[in-house]
Number of protein chains: 2
Amino acid sequence: MNSSISGPIAHIHLPRSGASAALPVATMADLLQMCGVPFAQQGAAENVQVNLRTLHAGASLVHQGALADALFFVRSGTFKVFRTDEDGYEQVLAFAIRGELLGFDALCMESHPIAILALDESTVFVVPRREIEGLCKTVPPFAFALQQAGSLTLTRSRELVDILAAVASDVRLARFLIQLSKRLADCGQSPLRFHLRMGRREIASLLGVAHETVSRCFGALSAMGLLYVDDREVEILDMGGLKAFSRSTRRPVDDSALLRNRSLIPRRTRGSLRPLAA
Amino acid sequence: MNSSISGPIAHIHLPRSGASAALPVATMADLLQMCGVPFAQQGAAENVQVNLRTLHAGASLVHQGALADALFFVRSGTFKVFRTDEDGYEQVLAFAIRGELLGFDALCMESHPIAILALDESTVFVVPRREIEGLCKTVPPFAFALQQAGSLTLTRSRELVDILAAVASDVRLARFLIQLSKRLADCGQSPLRFHLRMGRREIASLLGVAHETVSRCFGALSAMGLLYVDDREVEILDMGGLKAFSRSTRRPVDDSALLRNRSLIPRRTRGSLRPLAA
DNA sequence: CGGGACGTTGACTCAAATCAATAACCGTGG
DNA sequence: CCACGGTTATTGATTTGAGTCAACGTCCCG
């Protein structure tokens with residue numbers, strides 16, 4: 001939340017709206033490629049420009065309740081999707097990384113039901129809502145990509161329900177980390193070692209637990225030897241074990257090996273933080 | 001899972017694929033009207049046929065892992081969307097009623113990640129996947145309706161996250177009932193009095209609590225005078241109070257009137273079930 | 001009539017929320 | 001430069017909400 005701000009403060013280019021700056025324009029072909037559309041019919045896409053928008057860490061992409069006049073495809077960086085209800089509690093609904101579609105849930109209404117914030121230096125493709133129909137006609141693969149991305153977003157949301165429905169909070173955390181790891185792998189990043197862009201409080205909100213519990217669960221998982229954790233630096237040491245652990249649902253049936261692992265370890269084997277592997 | 005099979009076994013009409021039976025065909029115009037598309041360009045839609053499929057209570061619409069070769073729009077009835085993981089635990093992900101899109105999450109893969117079951121005598125519009133592209137071209141409003149319905153499904157899923165993220169289980173139940181009430185109202189049904197098509201166990205799974213807890217929470221809400229409950233028959237007696245109660249997030253702040261209500265009532269004011277109002 | 005599914009209620013226990021204290025870090029500003 | 005307030009993370013102590021186990025009543029279907 002700092003590094004990009006604490007750097008040299010001089011000459012900010014402020015590439016917000018579609019100025020004809022150097023960076024903030026790309027082609028539809030770039031977008032389609034990111035969405036995994038092969039080379040099919042990208043001929044037309046080469047000639048269609050799509051605006052980009054750059055956001056610094058902490059910048060807001062959409063405010064809750066704002067007019068929904070565009071869709072966004074994340075090109076780089078990390079976003080937090082959340083809702084603040086009237087009593088001020090902030091409910092995180094998703095974290096989005098490269099390839100994900102933002103604002104799709106607002107298509108069926110006029111204004112965004114949620115807020116979106118950059119957690120990182122980030123860029124998004126901007127597709128104005130009024131252009132969607134035309135683009136679907138002139139660049140058919142875009143219609144396909146939109147469907148795919150919408151479908152993927154729904155799938156992600158369903159996965160989150162699976163995460164939240166887990167009873168034990170350490171199982172929730174394990175499932176969250178596995179899901180995150182998979183997504184990072186899809187982006188070509190290391191699935192085993194990564195830097196969390198979000199704070200404990202935000203993870204806690206997503207998982208529906210207290211933030212202290214997130215801390216403790218990180219400790220518990222690393223005590224089991226499944227993880228190495230140092231603040232926001234995470235390394236998965238035993239993906240197999242983590243997955244096995246994450247499968248615990250309600251009342252782990254009986255004295256399966258899994259259950260035994262959970263209860264035999266006396267809540268903290270040795271120092272909860274182990275030195276970084278290798 | 002039985003009634004459609006265990007019924008009279010004689011001359012089953014088997015209205016699965018596009019037979020030319022009396023019931024199982026409708027027009028695209030019917031579908032668009034249900035999705036709230038005005039009369040715009042429905043001229044073309046009138047001439048495009050869409051298959052219907054009828055399901056008895058307990059019948060399966062899609063099996064988990066089945067090939068995803070179609071989308072479904074619920075025309076009538078109720079469906080349960082769920083996932084069974086390898087240890088046999090059944091996680092309910094959504095209940096769907098008229099107007100909702102089923103199978104959208106499978107568009108980005110080959111097979112359905114979830115199972116869908118009719119809880120009721122139900123009918124769905126069937127849109128084969130290979131026809132989607134063509135339909136979007138020949139009947140542009142369909143492309144729009146598909147986007148809208150997909151967006152709506154995502155919104156619903158996000159609302160579910162809000163429900164699940166509530167700390168207290170009685171707050172979860174309250175939020176669930178409010179959401180259900182709204183959806184029923186959208187279908188023209190009474191938002192204040194309705195029959196639950198799903199069992200306690202299924203509600204419990206959706207809410208991520210034990211089924212006994214659902215029972216107790218129904219009791220608690222009716223003890224507060226917010227609800228009348230008799231088995232699956234529900235009447236919301238005080239929608240304002242229910243909404244106020246549902247807003248409790250973590251640690252209900254202080255000794256607000258709401259909180260006092262919760263703790264003052266000695267766990268059961270009078271008989272937890274009150275006679276049906278009026 | 002008996003078995004099975006479903007719903008309710010009670011008793012007990014434990015996991016996690018809450019309250020609280022501490023430490024580390026950061027940017028600000030004296 | 002260092003002191004200061006603010007934010008974040010960790011850890012401990014205490015309490016309580018809800019999961020689990022168990023018993024019971026009802027209804028439906030065979």
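Proteins get letters first, then strands, A, B, ... in listed order; numbering begins at 1 in each.
Between A/D230 atom CG and D/dT8 atom P there is a gap of 18 Å when expressed in whole angstrom units. Rounded to whole Å, the distance from CZ on A/R216 to P on C/dA21 is 15 Å. When rounded to the nearest whole Å, the span between CD1 of A/I203 and P of D/dT10 equals 9 Å. Distance, A/E233 CD to C/dC25 P: 14 Å, rounded to whole Å. Whole-Å rounding puts the A/R172 CZ to D/dG19 P distance at 10 Å.
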Atom pairs, N/O to N/O, protein against nucleotides 5-7 of chain C, distance under 3.5 Å?
| residue | atom | partner | partner atom | Å |
| --- | --- | --- | --- | --- |
| C/dG7 | OP1 | B/R232 | NE | 3.1 |
| C/dG7 | OP1 | B/R232 | NH2 | 3.3 |
| C/dG7 | OP2 | B/R200 | N | 2.9 |

List the atom pairs, with distances to 0.1 Å, where a side-chain N or O of residues 157-168 of chain A and a protein N or O form a donor-acceptor pair under 3.5 Å, not counting sequence neighbours.
| residue | atom | partner | partner atom | Å |
| --- | --- | --- | --- | --- |
| A/S157 | OG | B/S157 | OG | 2.5 |
| A/R158 | NH1 | B/D105 | OD2 | 2.9 |
| A/E159 | OE1 | A/Q179 | NE2 | 2.7 |
| A/D162 | OD2 | B/R83 | NE | 2.6 |
| A/D162 | OD2 | B/R83 | NH2 | 3.1 |

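Looking at every heavy atom in both residues, B/S60 comes nearest to B/V62 through OG-O, 3.5 Å.
Looking only at side-chain heavy atoms (C-beta outward), B/F176 and B/L207 come within less than 4.5 Å of each other.
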> Where does DNA chain C pair, written as one dot-bracket string 5' to 3', with Watson-Crick or G-U pairs under 3.5 Å, ( ) inside the strand, [ ] for crossing pairs and | for another strand?
Replying inline: ||||||||||||||||||||||||||.|||
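Remark: side-chain polar atoms of B/R98 are paired, donor with acceptor, to backbone N or O of B/R75 under 3.5 angstrom.
Taking side-chain N and O atoms only, A/T213 has no distance below 4.0 Å to OP1 or OP2 of C/dA16.
Under the 3.5 Å distance criterion, with hydrogens and angles disregarded, a donor-acceptor pair is assigned to the side chains of B/T123 and B/S76.
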